[in-house]
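What follows is a single structure, written as structure tokens, with notes after it.
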Amino acid sequence: MSKFSDWEFLLNGYEQEFRQLSLQAGSFYFKIYGGVNHWLDCPNYDFRMTSLYFEGESNPEVVWQLGHELVSLFNGASILFSKNHRKTSIFELLHNEMPVHYVSPKGAYALLGKPSGFNQQRIDQEYKNGSKSTIKFPLIHLATENKDIYFILKYLNMSESWTTYYKLMEAVETFAKEKDIDLETVEDQRDSFRNTSNNFSLSGFDSRHGFKEVTKRNNTSAMSIDEGYNFVSKMARTYIKKAYFNTSDNFFNEDTSLTEQPFWEDTSLTEQPFW
């Protein structure tokens, strides 16, 4: 039976982030390591990822699908804080250092649930360790068991478009209504967002509706796609913060790497300024 560490995904992406995460405890839900040539005793760009979800797996196709899913959640968590963050991708899978034939994503979506073969104490410890590195790891943990975080991260990993952002807005508003959470939405901004995303004359072929002859003047202000991202990502962050994180909890205050800013607004590993 394979151990999870027998499977290794080789990664492309933001090497500076990989290097920083490889030096921290992180989480074995999405463990990034490497970046060192041990023979020459110098840095390199060979960064890898393994996960508790690979424990006991012998089927490479299953491991490939798990890898694709975990990377998509990591990317969604990154884009939640930085629209232009360089996405992580997989360029090879190794099993005991031997290359495994590539398998493309199947497109089937479902919560991963808890990794089998590990008790709750281990899972809780991975969450705590991950939270000391970056907000992304706790978000991945949450997304494996909670449909609201899962949908938010999956939408954010999709190519930017008004249609995707509108779906994200609708999803967050639905989740917020279920939990009676105030999203602190500025209605003028929401009107502008809806106006732009729905109108072909403003967003072109990316609009949610097709071409229509303009019969009356549109007096509602329009947004750029960057402003649309700002609007929906702020809405998503507000929801996540209120639904899952208590800023007065000492558990988060113990995280010294994040004391200069709120836990849910970690920008230490983004390529672009927050917002």
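Because the structure is predicted, anything quoted here is derived from the model rather than measured.
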Discussion item. Can you confirm whether or not the ring centre of Phe9 sits under 6.0 Å from the ring centre of Phe54?
Written reply: yes

Response to the item:
For Leu10, the hydrophobic cluster (side chain heavy atoms closer than 4.5 Å, chained through members) also holds Phe91, Leu94

Name all residues meeting the salt bridge (Lys or Arg N to Asp or Glu O under 4.0 Å) criterion together with [X]; count only those two or more places apart in sequence or in a different chain, and write none if there are none.
X	answer
Asp124	none
Glu145	none
Arg190	Glu173
Glu178	none

Discussion item. Ignoring hydrogens and geometry beyond distance, is a side-chain donor-acceptor pair present between Lys83 and Ser233 at under 3.5 Å?
Written reply: no

Worksheet item: Between the side chains of Arg194 and Tyr166, is a donor N or O closer than 3.5 angstrom to an acceptor N or O?
Response: yes

Show me the donor-acceptor pairs within less than 3.5 Å that the side chains of residues 30-38 make with the rest of the protein, sequence neighbours left out.
unit_1	atom_1	unit_2	atom_2	d
Lys31	NZ	Gln24	O	3.1
Lys31	NZ	Ala25	O	2.8
Tyr33	OH	Glu8	OE2	2.6
Asn37	OD1	Trp39	N	3.0
Asn37	OD1	Leu40	N	2.9

Item to complete: Drop me the distance from Ser5's OG to Leu52's CG, to the nearest 0.5 angstrom.
Response: 10.0 Å

Discussion item. Evaluate Ser131 against Phe137 for side chain to side chain contact (heavy atoms under 4.5 Å, CB included), listing each step before the verdict.
Written reply: CA-CA 6 Å; Ser131 70; Phe137 292 148; over 6 Å; no

Could you list the residues that satisfy side-chain contact (heavy atoms from CB on, under 4.5 Å) with [X], not counting sequence neighbours?
X	value
Asp41	none
Asp180	none
Ser224	Asp226, Glu227
Lys177	none

Item to complete: List in chain and number order the residues that pass side-chain hydrogen bond (donor to acceptor under 3.5 Å, both in side chains) with Glu15, two or more places apart in sequence or in another chain; answer none if no residue qualifies.
Response: Arg86

Worksheet item: Would you say the side chain of Ile149 lies within less than 4.5 Å of the side chain of His141, judging by non-hydrogen atoms?
Response: no

Discussion item. I'd like to check Leu139 versus Phe81 (side-chain heavy atoms, cut-off strictly below 4.5 Å). Are they in contact?
Written reply: yes

Fill in: Shortest non-hydrogen contact from Tyr165 toward Val232
O-CG1, 3.5 Å

Worksheet entry | Tyr45 six-ring centre to Arg19 NZ/CZ under 6.0 Å and within 45° of normal | yes

Enumerate donor-acceptor pairs with a distance under 3.5 Å from any side-chain N or O in residues 55-74 to protein atoms, sequence neighbours excluded.
unit_1	atom_1	unit_2	atom_2	d
Glu55	OE1	Phe4	N	3.0
Asn59	OD1	Glu61	N	2.9
Trp64	NE1	His101	O	2.8
Gln65	OE1	Lys106	N	2.9
Gln65	NE2	Ser104	O	2.9
His68	NE2	Val103	O	2.8
Glu69	OE1	Lys154	NZ	2.9
Glu69	OE2	Tyr150	OH	2.7
Ser72	OG	Glu69	O	2.7
Ser72	OG	Lys154	NZ	2.9

